[in-house]
Amino acid sequence: MEKMITIYIAGDSTAAIKLPDKRPETGWGEAFQPYFKENVRIENRALNGRSTKSFIKEGHLDEIANSIQPDDYFIIQFGHNDQKIEDPERGTQPFEDYQDNLLKYVEIARRKNAHPLLFTPVTRRKWDGDKLDPLSVGEFPKAMLHFAKKNNVPVLDIHKRSQEFMKAIGKEESASYYLHLAPGESENYPDGITDNTHFNKKGAKAVAQLIVDAIKESDLSLKNLLK
């Protein structure tokens, strides 16, 4: 019998499991499980509104530290809420405390003989005319890549991949992957909504596929757990 492996996800609302009153909003982490073998369990601990800072401060990293086991994987993806520097509970500086915080996540994995894996934050749908803003999540993707290289931590550049995906499908078509609803289209959003950060079910599945493709093309041991 193959050993059970758990993949933990620490992140924000772009990855998190959604409550019924938020549907059709969907986190990419919700679409992740079907890609993996039967001995792999996805433990999606991502939470709406959290940054590297607030996730730690609220004790969520400690909870993962108490349950993660040797040979498990620990995926870390933050940036969207770290951008909110006007909020002292969440905001971080990309090349300062953001990187300091990332080290705390990585050290937990290493101390527990688990595998840390960084994902740069997924892109927002922020178009400037016909160009997708490469800084839609500020300097945080770049800061994560810098941190990963400096600390010898595996990283997949999901920001780059999601940007390339959205550019390829174009400005108008990209809206169909995010939480865009007309008035009356959803009971949860009677007045409609135009949200260029969060995904619908189609968008979450597309991002999960981008991530799986990145894993397949990598030299990570994680790819051996894919179906």
Side-chain angles (χ1 to χ4, degrees), residues 7-20 22-37 40 42-50 73 75-81 83 117-128 130-138 140-141 144-145 154-182 185-186 188-189 192-218 220 222-223 225-227:
I7 300 173
Y8 288 84
I9 301 172
D12 55 37
S13 54
T14 59
I17 299 169
K18 305 301 173 183
L19 295 171
K22 292 292 186 182
R23 300 297 182 190
E25 185 181 334
T26 309
W28 64 256
E30 297 186 88
F32 216 37
Q33 182 72 65
Y35 292 101
F36 290 88
K37 294 177 179 178
V40 178
I42 305 300
E43 186 67 33
N44 188 355
R45 301 287 183 90
L47 291 164
N48 292 358
R50 276 32 173 225
Y73 289 80
I75 292 170
I76 303 132
Q77 184 182 69
F78 289 97
H80 291 76
N81 297 303
Q83 267 190 304
L117 176 55
L118 300 169
F119 288 178
T120 55
V122 291
T123 188
R124 299 182 196 270
R125 183 182 172 272
K126 189 176 180 182
W127 291 84
D128 182 9
D130 292 328
K131 291 187 176 180
L132 189 62
D133 184 359
L135 296 176
S136 74
V137 198
F140 291 94
M144 182 179 276
L145 292 171
V155 61
L156 296 178
D157 195 351
I158 305 307
H159 182 264
K160 181 180 178 182
R161 283 180 177 261
S162 56
Q163 281 247 319
E164 289 173 348
F165 177 81
M166 296 302 167
K167 286 178 190 174
I169 60 177
K171 184 177 182 179
E172 300 307 318
E173 178 63 21
S174 64
S176 70
Y177 290 79
Y178 287 82
L179 192 62
H180 283 216
L181 295 164
E185 193 175 346
S186 167
N188 286 337
Y189 305 92
I193 188 171
T194 302
D195 180 340
N196 290 313
T197 295
H198 300 104
F199 305 106
N200 55 25
K201 189 174 182 179
K202 174 183 171 182
K205 189 172 182 180
V207 172
Q209 183 66 63
L210 290 176
I211 292 170
V212 168
D213 290 344
I215 293 169
K216 286 179 179 176
E217 293 167 21
S218 75
L220 298 171
L222 181 59
K223 70 181 180 182
L225 300 180
L226 293 167
K227 285 180 180 174

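Residues take their numbers from the sequence shown, with the count starting at 1. Note: hydrogens, waters and symmetry copies are ignored here, and every other heavy atom, side chains too, is used.
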Practice prompt. Identify the two heavy atoms, one from D12 and one from G79, that lie closest to each other, and give their separation to 0.1 Å.
Written response: OD2-N, 4.0 Å

Practice prompt. Grab the two heavy atoms, one from S162 and one from L210, that are nearest each other, plus how far apart they are.
Written response: CA-CD1, 3.8 Å

Worksheet entry | Candidate pair F36 and L222, rule side chain to side chain contact (heavy atoms under 4.5 Å, CB included), full reasoning | CA-CA 10 Å; F36 290 88; L222 181 59; 4.0 Å; yes

Item to complete: Measure the CG-CG distance between L135 and D128 for me, rounded to the nearest 0.5 Å.
Response: 11.0 Å

Fill in: Minimum-distance pair of heavy atoms, taken over all atoms of W127 and K167
CH2-CA, 4.1 Å

Worksheet item: If you round to the nearest 0.5 Å, how far is CG of L156 from CG of L145?
Response: 10.0 Å

Worksheet item: Does some side-chain heavy atom of S13 sit less than 4.5 Å from a side-chain heavy atom of H198?
Response: yes

Worksheet item: Which residues satisfy the side chain to side chain contact (heavy atoms under 4.5 Å, CB included) test with K202, sequence neighbours excluded?
Response: E173, S176, Y177, N200

Worksheet entry | Audit row: L179, F199, side chain to side chain contact (heavy atoms under 4.5 Å, CB included) steps and yes/no | CA-CA 5 Å; L179 192 62; F199 305 106; over 6 Å; no

Discussion item. If the test is side chain to side chain contact (heavy atoms under 4.5 Å, CB included), which one of V40, I9, N44 qualifies with F32?
Written reply: I9

Fill in: Where A46 and A16 come nearest, the two heavy atoms and their spacing
O-CB, 3.3 Å

Discussion item. Please find the pair of heavy atoms, one from N81 and one from G49, that lie closest to each other, and give the distance.
Written reply: ND2-C, 3.2 Å

Worksheet item: Above 12 or not: heavy atoms from other molecules or residues under 6.0 Å from NZ of K131?
Response: no

Validation: residues 117-125 side-chain donor-acceptor distances under 3.5 Å, sequence neighbours left out:
{"residue": "T120", "atom": "OG1", "partner": "D157", "partner atom": "OD1", "Å": "2.8"}
{"residue": "T120", "atom": "OG1", "partner": "I158", "partner atom": "N", "Å": "2.8"}
{"residue": "T120", "atom": "OG1", "partner": "H159", "partner atom": "N", "Å": "2.8"}
{"residue": "T123", "atom": "OG1", "partner": "S136", "partner atom": "OG", "Å": "3.2"}
{"residue": "T123", "atom": "OG1", "partner": "Q163", "partner atom": "NE2", "Å": "2.9"}
{"residue": "R124", "atom": "NE", "partner": "Q83", "partner atom": "OE1", "Å": "3.3"}
{"residue": "R124", "atom": "NE", "partner": "S136", "partner atom": "O", "Å": "3.0"}
{"residue": "R124", "atom": "NH1", "partner": "T197", "partner atom": "OG1", "Å": "2.7"}
{"residue": "R124", "atom": "NH2", "partner": "H80", "partner atom": "O", "Å": "3.2"}
{"residue": "R124", "atom": "NH2", "partner": "Q83", "partner atom": "OE1", "Å": "2.6"}
{"residue": "R125", "atom": "NE", "partner": "K171", "partner atom": "O", "Å": "3.4"}
{"residue": "R125", "atom": "NE", "partner": "S174", "partner atom": "OG", "Å": "2.8"}
{"residue": "R125", "atom": "NH1", "partner": "N196", "partner atom": "OD1", "Å": "3.0"}
{"residue": "R125", "atom": "NH2", "partner": "K171", "partner atom": "O", "Å": "2.7"}

Worksheet item: Does K223 use its side chain to pair, donor to acceptor, with the backbone of S218 at less than 3.5 Å?
Response: yes

Fill in: Gap separating the CZ atom of R45 from the CD1 atom of I76, nearest 0.5 angstrom
13.5 Å

Discussion item. Do the side chains of E30 and R23 get close enough for a salt bridge, i.e. N-O under 4.0 angstrom?
Written reply: yes

Worksheet item: Going through the distances and angles, do R161 and D213 end up as a side chain to side chain contact (heavy atoms under 4.5 Å, CB included)?
Response: CA-CA 10 Å; R161 283 180 177 261; D213 290 344; 4.2 Å; yes

Fill in: For Y35, all residues meeting side-chain hydrogen bond (donor to acceptor under 3.5 Å, both in side chains), sequence neighbours excluded
Q209

Discussion item. Check whether Q33 reaches the backbone of I42 with its side chain - one donor and one acceptor, N or O, closer than 3.5 Å.
Written reply: yes

Item to complete: Determine, step by step, whether K205 and K201 satisfy the side chain to side chain contact (heavy atoms under 4.5 Å, CB included) criterion, reporting the C-alpha distance in whole Å, the side-chain angles of both residues, the deciding distance to 0.1 Å, and the verdict.
Response: CA-CA 6 Å; K205 189 172 182 180; K201 189 174 182 179; 5.7 Å; no

Fill in: Backbone of N188 reached by a side-chain donor or acceptor of K22 within 3.5 Å
no

